[in-house]
Colleague: 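Mind looking over this structure? Questions follow.
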Amino acid sequence: MTHKIIDRDFFSQPTLTVARALLGQRLVRMVKGERLSGVIVESEAYFGPDDTANHASKGRTARTEVMFGPPGRTYVYLIYGMYYMLNLVTEPESFPAAVLIRALEPVEGLNSMRRYRQGAKPSVSLTNGPGKLSQALQIDKTLHNWDVTFGQRLWLEQGQPVSDSAITTGSRVGISYAAPKDQALPWRFWISGSKFVSR
DNA sequence: TCATTGATGCGCT
DNA sequence: GCGCATCAATGAT
């Protein structure tokens, strides 16, 4: 059974729409000929130059350049010297926005994920956080600015739609540096009751 | 609660 | 250029 690869039109929708719509979709990573995949269960939106939680709010730099580019590309960066964060760029060119993938329900390649996530035993802890899922799926700087609509190395496939009534919203995590009004925005989304969301 | 870890960006020479 | 504070997190304690 084949799944449709999610195309650029999907990422061209408004950022908050994309952040919601990503829940239930499958993130697929090909490593050494093996499919590693999981269903997205948690996301966060980072929207525009006025969102002080958005890295791009401080202006256009080498690091944030990709967010000013076309939708459907990855923004991957290193945080705390050891963890990679995977974001998917949204909105038309020159408007900086992206959605952070925060957690997956692992589906394919769990044994390999366990190997890449040295020390993680229960499968619930393989991908229940943005740093963890990057480790499990071997996502690093080499996948920065990658077009996920090609269907190679890293892409998304259509999964089961998740209705709005099955989605919970909340404030975003780890943005204490942002303005209070931005910290309070309900721009974090997760599938209600999923065991695989971050803690 | 705390140590880890290195790229990034800012403020200065 | 150079030094320094900061960080879309995690795991151990």
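In what follows, chains carry the letters A, B, and so on, assigned in the order in which the sequence lines appear, proteins first and then strands, with residues in each chain numbered from 1. Everything numeric in this text was worked out from a predicted model, so none of it was measured.
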Colleague: Once you round it to whole Å, what is the distance between C1' of C:dA12 and CD of A:Gln118?
Modeller: 15 Å

Colleague: Name all residues meeting the side-chain contact (heavy atoms from CB on, under 4.5 Å) criterion together with A:Val31; count only those two or more places apart in sequence or in a different chain, and write none if there are none.
Modeller: A:Arg29, A:Leu36, A:Tyr116, A:Gln138

Colleague: Which residues within residues 175-183 of chain A lie with some heavy atom under 4.0 Å of an atom in DNA chain C?
Modeller: A:Ile175, A:Tyr177

Colleague: To the nearest 0.5 Å, tell me how far A:Tyr80 OH sits from A:Met85 CE.
Modeller: 8.5 Å

Colleague: What is the distance, to the nearest angstrom, from the CG atom on A:Leu86 to the P atom on C:dA9?
Modeller: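 Distance, rounded to whole Å: 14 Å.
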
Colleague: Hey, could you give me the OG/CH2 distance between A:Ser43 and A:Trp190, rounded to the nearest 0.5 Å?
Modeller: 10.5 Å

Colleague: Nearest whole angstrom, please: distance from the C1' of C:dT10 to the CG of A:Leu126.
Modeller: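 Result: 14 Å.
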
Colleague: Could you tell me which residues satisfy side-chain contact (heavy atoms from CB on, under 4.5 Å) with A:Ala178, sequence neighbours excluded, listed by chain and number?
Modeller: A:Thr52, A:Ala53, A:Ile175, A:Asp182, A:Gln183

Colleague: Tell me if the centroids of the rings in A:Tyr84 and A:His144 come within less than 6.0 Å of each other.
Modeller: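 Not close enough - the centres of the two rings lie 6.0 Å or further apart.
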
Colleague: Could you give the CD1-to-P distance, from A:Ile79 to C:dG11, as a whole number of Å?
Modeller: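 Taking atom P of C:dG11 as the reference, CD1 of A:Ile79 is at 16 Å.
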
Colleague: What pattern of brackets, bars and dots sums up DNA chain C from 5' to 3', given Watson-Crick or G-U wobble pairs under 3.5 Å, [ ] for crossing pairs and | for another strand?
Modeller: |||||||.||||.

Colleague: Hey, does A:Asn87 have a side-chain heavy atom less than 4.5 Å from the side chain of A:Val99?
Modeller: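 No; the side chains remain at least 4.5 Å from each other.
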
Colleague: Using a heavy-atom cut-off of under 4.0 Å over every strand shown, decide if A:Arg188 touches base, sugar-phosphate, or nothing.
Modeller: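 Since no nucleic acid heavy atom lies under 4.0 Å of A:Arg188, the category is nothing.
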
Colleague: Quick one, A:Val39 and A:Gln25 - any side-chain contact, counting heavy atoms below 4.5 Å?
Modeller: no

Colleague: Are A:Tyr83 and C:dA9 stacked, counting the six-membered base ring, centres under 5.5 Å, planes under 30°?
Modeller: no

Colleague: Is the shortest side-chain N to carboxylate O distance from A:Glu44 to A:Arg172 below 4.0 Å?
Modeller: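 Here A:Glu44 does not pair with A:Arg172 in a salt bridge, since their nearest N and O are not under 4.0 Å apart.
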
Colleague: In residues 91-114 of chain A, what residues come within less than 4.0 Å of DNA chain C, judged by heavy atoms?
Modeller: A:Leu100, A:Arg102

Colleague: Salt bridge between A:Glu42 and A:Arg188, side-chain N to carboxylate O under 4.0 Å?
Modeller: yes

Colleague: Nearest whole Å is fine: how far is B:dT5 C1' from A:Gln135 CD?
Modeller: 13 Å

Colleague: More 5' along DNA chain B: A:Tyr80 or A:Lys141, using each one's nearest nucleotide?
Modeller: A:Tyr80

Colleague: Does anything in residues 53-67 of chain A come within less than 4.0 Å of DNA chain B? Heavy atoms only, and list the residues if so.
Modeller: A:Thr61, A:Arg63

Colleague: With nearest nucleotides of DNA chain C determined for A:Val173 and A:Lys132 from heavy-atom distances, which residue corresponds to the more 5′ nucleotide?
Modeller: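 Of the two residues, A:Val173 wins.
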
Colleague: Answer whether the closest heavy-atom distance between the side chains of A:Thr90 and A:Phe47 falls below 4.5 Å.
Modeller: no

Colleague: Ion pair present between A:Asp147 and A:Arg153, side-chain N to carboxylate O less than 4.0 angstrom?
Modeller: no

Colleague: Is the shortest distance from a Lys or Arg side-chain nitrogen in A:Glu105 or A:Lys195 to a carboxylate oxygen in the other one below 4.0 Å?
Modeller: no

Colleague: Is any side-chain heavy atom of A:Thr149 less than 4.5 Å from a side-chain heavy atom of A:Ile5?
Modeller: no

Colleague: Rounding to an integer number of Å, can you tell me how far A:Met85 CE sits from C:dA8 C1'?
Modeller: 7 Å

Colleague: How many Å lie between CZ on A:Arg172 and P on C:dA9, as a whole number?
Modeller: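 These atoms are roughly 12 Å apart.
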
Colleague: Can you check C:dA8 for me, syn or anti if syn means within 90° of 0?
Modeller: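 For C:dA8, whose glycosidic angle is within 90° of 0, the conformation is syn.
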
Colleague: May I have the distance from A:Leu133 (atom CG) to C:dT10 (atom P), rounded to whole angstrom?
Modeller: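 Those two atoms, CG and P, are 8 Å apart.
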
Colleague: Under the 3.5 Å rule, do the base of C:dA8 and the side chain of A:Tyr77 count as making a donor-acceptor pair?
Modeller: yes

Colleague: Considering non-hydrogen atoms only, spot the tightest contact between A:Thr169 and A:Arg20 and give its length.
Modeller: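 Taking every non-hydrogen atom into account, CG2-NH2, 3.7 Å.
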
